[in-house]
There are 2 protein chains.
Amino acid sequence: MKKKATVNNTFVCQVRMQAIRDAMSVLSGKWKFHILGTLIEGDKLGFMDLLREVDGIGTKMLSKELQDLEINHLVSRTVMNTKPITVEYAITEQGKTLSTVIEELANWGIEYRKSILDTK
Amino acid sequence: MKKKATVNNTFVCQVRMQAIRDAMSVLSGKWKFHILGTLIEGDKLGFMDLLREVDGIGTKMLSKELQDLEINHLVSRTVMNTKPITVEYAITEQGKTLSTVIEELANWGIEYRKSILDTK
DNA sequence: GATATCTGTTTCCTTTTGGAAAGTAGTTTC
DNA sequence: GAAACTACTTTCCAAAAGGAAACAGATATC
């Protein structure tokens with residue numbers, strides 16, 4: 001299975017491929033876009049808030065995904081010293097740069113659904 | 001684990017959630033963005049062309065992903081009656097509507113990589 | 001006739017992902 | 001002091017995703 005790139009083997013394409021890999025490595029999975037989208041809308045949400053907002057997610061996945069997003073500097077985590085301890089999750093400046101991507105993706109999804117319903 | 005949505009339980013947010021689910025159901029996996037991106041650049045590529053262009057993919061995944069994309073009307077498949085049989089894969093009009101999303105994602109990936117290198 | 005090319009499919013396996021449920025731990029209200 | 005609330009973690013398991021390699025069928029070239 002030897003391979004020689006022939007068509008898109010330009011520098012820009014290699015860079016774009018790498019960029020998509022980079023982006024997906026940080027955004028892959030079933031929940032990241034939902035969590036980020038929710039945090040972009042209403043900033044500063046507690047764990048239980050997110051559990052309520054992100055429809056269908058469980059504690060394990062929410063916890064794990066939030067850790068991933070925090071590691072990648074897209075979400076911040078702040079422990080508040082309130083009566084029953086609460087934690088505030090918020091989108092970072094870095095994370096906010098994703099809002100156009102998420103917006104575009106959501107818009108595409110809406111249009112896609114429409115076009116599918118038309119053809120049926 | 002009772003849940004009551006309190007913050008983003010508006011109609012637009014429900015629609016956006018659904019839109020992201022729709023989009024991801026069609027675009028999930030390791031290779032779809034790469035294949036679509038490649039087909040948007042150079043239209044009409046053979047199976048072997050794609051195998052060469054999409055760095056790292058194997059025959060099984062390429063075959064499977066192309067089938068998925070064809071089912072969802074994002075890619076067209078045309079069998080040519082050439083000497084050794086060849087097949088032309090191309091992006092559909094429907095598929096072309098993804099170009100802005102892919103563009104945004106790639107741009108974000110590029111900027112993200114830059115910012116990570118800066119902070120290190 | 002052997003080898004090569006094009007387009008896949010099939011098999012077998014490992015890794016990754018995701019989910020349900022129970023457990024942990026601290027605080028606070030009744 | 002029992003129950004409730006917040007914020008998780010852990011365990012155990014099932015399903016999905018992904019990959020390497022072999023196989024297959026058709027034509028065409030050496």
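All chains are named by letter (A, B, ...) in the order of the sequence lines, taking the proteins before the strands, and each is independently numbered beginning at 1.
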Rounded to whole Å, please give me the gap between [atom1] in [X] and [atom2] in [N].
{"X": "B:R52", "N": "C:dG8", "atom1": "CZ", "atom2": "C1'", "answer": "15 Å"}
{"X": "B:L62", "N": "C:dT10", "atom1": "CG", "atom2": "P", "answer": "16 Å"}
{"X": "B:I35", "N": "D:dG18", "atom1": "CD1", "atom2": "P", "answer": "10 Å"}
{"X": "A:I57", "N": "C:dA21", "atom1": "CD1", "atom2": "P", "answer": "17 Å"}
{"X": "B:L51", "N": "C:dT5", "atom1": "CG", "atom2": "P", "answer": "13 Å"}
{"X": "B:L50", "N": "C:dC6", "atom1": "CG", "atom2": "P", "answer": "13 Å"}
{"X": "A:E65", "N": "D:dT9", "atom1": "CD", "atom2": "P", "answer": "13 Å"}
{"X": "B:D49", "N": "C:dT5", "atom1": "CG", "atom2": "P", "answer": "14 Å"}

Ignoring hydrogens and geometry, is there a side-chain-to-backbone donor-acceptor pair from [X] to [Y] under 3.5 Å?
{"X": "A:D49", "Y": "A:G46", "value": "yes"}
{"X": "B:T38", "Y": "B:H34", "value": "yes"}
{"X": "A:K64", "Y": "A:K60", "value": "no"}

| field | Toward the 5' end of DNA chain C, by each residue's nearest nucleotide, B:P84 or A:W31 | value | B:P84
| query | On DNA chain C, nearest-nucleotide positions of A:M61 versus B:L66: which is more 5'? | reply | B:L66
| Any residue of residues 85-92 of chain A with a heavy atom less than 4.0 Å from an atom of DNA chain D | A:I85, A:T86, A:V87, A:Y89
| task | Would you indicate what B:K64 reaches in the nucleic acid, counting non-hydrogen atoms under 4.0 angstrom: base, sugar-phosphate, or nothing? | result | nothing
Do [X] and [Y] have side chains that approach each other closer than 4.5 Å (heavy atoms only, starting at C-beta)?
{"X": "B:M24", "Y": "A:K30", "answer": "no"}
{"X": "A:T86", "Y": "A:F47", "answer": "no"}
{"X": "A:V87", "Y": "A:T78", "answer": "no"}

Between [options], which one does the side chain of [X] approach most closely?
{"X": "A:K60", "options": "C:dG18, C:dA22, C:dG8", "answer": "C:dG18"}
{"X": "A:T59", "options": "C:dT7, D:dT9, D:dA7", "answer": "D:dT9"}
{"X": "B:S63", "options": "C:dT7, D:dT6, C:dT9", "answer": "C:dT9"}
{"X": "B:Q67", "options": "C:dG18, D:dC8, C:dT9", "answer": "C:dT9"}

| query | Taking N and O atoms by type only, does the side chain of A:T82 place a donor or acceptor under 3.5 Å from a partner on the base of D:dT6? | reply | no
Please tabulate, for the side chains in residues 88-97 of chain B, all donor-acceptor contacts under 3.5 angstrom to protein atoms that are two or more places apart in sequence or on a different chain.
residue: B:Y89; atom: OH; partner: B:R77; partner atom: NH1; Å: 3.4
residue: B:T92; atom: OG1; partner: B:H73; partner atom: O; Å: 2.7
residue: B:T92; atom: OG1; partner: B:L74; partner atom: O; Å: 3.2
residue: B:T92; atom: OG1; partner: B:Q94; partner atom: N; Å: 3.4
residue: B:T92; atom: OG1; partner: B:G95; partner atom: N; Å: 2.9
residue: B:E93; atom: OE2; partner: B:K96; partner atom: NZ; Å: 3.1
residue: B:Q94; atom: OE1; partner: A:S115; partner atom: OG; Å: 3.2
residue: B:Q94; atom: NE2; partner: A:S115; partner atom: OG; Å: 3.3
residue: B:T97; atom: OG1; partner: A:W108; partner atom: NE1; Å: 2.9
residue: B:T97; atom: OG1; partner: B:Q94; partner atom: O; Å: 2.5

